[in-house]
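Below, read A as the first sequence line, B as the second, and so on, with proteins coming before strands; counting in each chain starts at 1.
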Amino acid sequence: MRREGFLIVLLATCMVTLGGPSTAEARVTGVCSNCHTMHYSQNGGVLPAWGSTGPYQYLLTNTCVGCHSNPSGNTTIVNNTPIVLTSTEPTYPPDGSSSSALAAGNFYWVLHATSRNSDPDTSGHNCLAIPGMTADSHLSQAPGMPDSASGSSCARCHRRIESCTSCHTPAHHADDTGGGVVGASGGWYRFLNSSEHGTASTGVKGIEDSDWEQTVSSSDHNEYNGCNNPYGNDDNSISNDCAGCHYKFHGINYTDTDGTVLADNKSPWFLHPTHLALADTASGAEYHNYNNGNGYNPLAPLARDPDRLATMTTSTSTVYVAYGTADGDQVMCLSCHRAHGSPYPDMLRWDYNTCQAGTPNSNCGCFVCHTQKDN
Amino acid sequence: MNWKRHLEVVLVTALFLLFLSGVGMAKVSGVCSDCHTMHNSQNGSVVASNGPYPVLLTGTCVSCHRDSTGNTTRKGTSHEIPVVWTATAPTDPASTDPSYTNMLAGGNFYWVAQTGGDAKGHNVEGIVAQDSTLGNSPPGYNSSYDPSTVGFNTTYRLTCAGSNGCHGDRDIDRSSYSDGWNASFAAIHGAHHGDDSTIDGSTVSKSYRFLNHVLGLEDADWQATVSSTDHNEYKGATYASRSSQSWTTVDTISELCAECHGDFHMSSGVTAGTGSPWLRHPTDAVIPNSGEYASYTTYSVLAPVARTTIPSSPSSTVTPGTDVVMCLSCHRAHGSPYNDILRWDYSTCNAGTPNSNCGCFVCHTQKD
């Protein structure tokens with residue numbers, strides 16, 4: 001999850017023009033030549049705006065990172081293209097500025113030590129498609145890797161992240177217009193579907209914020225899909241997608257040091273739950289006072305029950321955590337982590353070191369749910 | 001006139017009309033003086049300035065195949081001479097051509113001959129100056145793909161025919177002649193009067209549009225009138241990969257283009273690739289009968305397809321899974337109004353915005 005010696009090859013950013021309504025559209029628009037070249041040749045050579053190591057698959061002018069990176073600053077949306085790698089540090093916590101980190105964070109922190117984390121490897125996923133990235137110095141495999149992924153053919157995703165397609169299956173021309181939940185026909189939420197194991201039904205669903213949460217608030221944010229089965233397996237939740245590699249951290253079973261699989265479906269938990277509806281906890285539980293009753297908090301976001309999400313067309317600040325509420329909101333992997341990278345160890349959304357039991361701290365996401373732990 | 005003489009006239013006329021009718025033939029017809037002058041002298045004046053020319057011609061290739069004053073694209077006493085370079089812009093191809101001014105299938109050099117028009121056509125010597133960006137170097141040239149015994153020689157300009165040209169015998173060495181016209185004459189020698197009633201690629205005359213070894217069905221009026229049922233039929237092929245070409249393997253129109261633009265043709269390695277995901281746009285690759293491509297079922301003159309088997313007459317049916325994308329699906333050969341010699345304006349192709357004038361969307365039916 002990091003490397004020194006950050007090197008950015010001259011990479012251009014695809015210019016994609018988003019038109020239409022404010023609800024996010026991953027479906028690209030604009031002239032074909034913004035992203036494609038038929039022969040990887042123009043004027044007898046390669047244009048400076050293109051990547052230099054082509055030709056590229058799908059007649060693209062550049063690699064994934066070539067389009068989704070900013071080689072000249074920390075602006076995180078360039079020509080309507082979300083930037084996942086900036087050359088200078090993005091703004092964090094997100095403040096709505098042009099340099100505000102997007103929802104999944106930024107790979108910048110995986111490449112650079114900062115005052116907030118001197119060990120960049122722990123700041124994010126070491127995706128080897130990122131120029132300058134090397135394998136994680138601490139990890140030889142994905143933490144919580146399923147035993148079934150131990151084979152050599154599994155290594156390129158489960159023991160290292162060789163490409164963006166380890167997590168994403170790009171579908172830039174899929175029609176995700178019309179607002180509301182993005183599913184199969186729209187190429188899945190943020191193109192999240194296993195490129196290796198994905199089927200027509202196993203991708204992630206969700207509502208895509210129109211500016212990838214560059215501007216973010218209680219009412220302006222992504223809407224994530226929770227789990228609809230207690231094991232959290234093979235559903236369209238965001239946490240199930242994480243579980244593809246971090247399987248043992250998901251669901252209601254856990255494997256102890258002896259290799260024994262034990263039930264982990266109720267308090268006291270052995271592993272932090274990633275699919276639990278807060279409304280299902282006991283009456284009087286601290287979780288029902290999520291964010292002190294101030295609605296959705298993007299610092300520690302919640303996933304929506306699939307049945308509730310299916311009825312939604314846009315984001316809302318309302319949370320459904322009152323005890324006994326049907327289709328209650330759920331804790332998920334992204335309640336605590338950023339997907340690409342964050343300024344903090346363990347890819348956390350906040351500085352865990354500032355979470356001091358008994359000391360209120362609005363910057364500690366733990367206390368958003370664990371509302372009695374900072375008293 | 002007695003009845004026998006009358007019958008002779010009728011028969012000659014019928015034969016003459018047969019010459020002009022039906023499937024297009026490159027074999028010339030019409031009065032000899034349309035193209036030839038015996039002494040380069042008539043009424044005491046020179047017929048062909050800068051002449052005399054080889055083969056008693058009245059000029060170079062573009063003397064006959066050019067309208068130096070207007071936009072007539074089929075000239076001659078019987079409109080039997082296709083014109084590829086006009087002084088003013090030809091009209092758009094359509095199902096009718098009452099003024100004989102519609103652009104022909106290969107396009108027109110008019111646009112490349114305009115100031116700043118380098119990207120709109122092939123910069124042929126004698127028509128337009130050398131390409132200011134490309135010089136004499138064909139983009140994507142790969143000598144392994146050039147079956148010519150002498151290959152394209154960048155010391156010399158692009159010519160109509162010969163080793164540095166497209167038409168005629170490309171084994172005719174440009175360097176052996178004093179200028180490109182003489183080389184072109186030598187390369188095309190015997191073609192115009194040859195019997196091309198059967199296009200089998202065995203000689204230049206028997207090759208599609210004098211493109212040596214290339215097969216195809218020649219539209220009678222060079223697509224001056226054009227529709228889904230009235231058009232050329234181009235030869236295409238499908239094969240796993242190819243890393244070189246020889247005269248025994250060339251028979252498709254895309255292979256002709258690949259003689260100079262080989263890296264852009266379907267091949268193994270780091271050139272175009274051999275299958276999806278493609279590295280470069282496929283040519284001589286079957287249009288899949290699945291996904292967005294399955295919707296292309298009616299022949300589009302905007303983005304035509306090639307056939308692996310040439311039909312006996314033009315067909316309006318496109319069969320995904322059988323028919324083939326080719327270079328001419330997107331490009332014109334001589335010149336077009338658009339950059340990169342495209343058949344349409346690429347800048348009007350906007351993903352997510354329907355546009356019937358964008359040829360990309362003829363095949364990529366879900367991208368608009």
Check your understanding: Between B:His331 and A:His39, what is the shortest heavy-atom contact and its length?
Key -> NE2-NE2, 3.7 Å

Review point. Who among B:Cys360, B:Gly352, B:Ser276, B:Cys349 has the most heavy-atom pairs with chain A under 4.5 Å?
Key: B:Cys349

Revision key, fill the gap. Between the OG atom in A:Ser33 and the OH atom in B:Tyr346, the distance rounded to the nearest 0.5 Å is 5.5 Å

Study note, to complete from the structure: Between B:Ala351 and A:Val28 the two heavy atoms that sit nearest each other are CB-O, 3.7 Å

Check your understanding: B:Asp118 versus chain A, heavy atoms under 4.5 Å apart: side chain, backbone, both or neither?
Key -> neither

Study note, to complete from the structure: Closest heavy-atom pair, A:Asn43 versus B:Leu134, reported as atoms and distance to 0.1 Å, is C-CD2, 3.5 Å

Revision key, fill the gap. Interatomic distance, NE2@A:His172 vs NZ@B:Lys367, rounded to 0.5 Å, equals 12.5 Å

Check your understanding: B:Trp278 versus A:Leu59: any side-chain heavy-atom pair under 4.5 Å?
Key -> yes

Point to revise | Heavy-atom check, side chain of B:Asp340 versus side chain of A:Gln42, under 4.5 Å | key: yes

Revision key, fill the gap. NE2 of B:His281 to OG1 of A:Thr37, rounded to nearest 0.5 Å, is 11.0 Å

Check your understanding: Is it true that atom NZ of B:Lys120 has more than 12 heavy atoms of other residues, nucleotides or ligands lying nearer than 6.0 Å?
Key -> yes

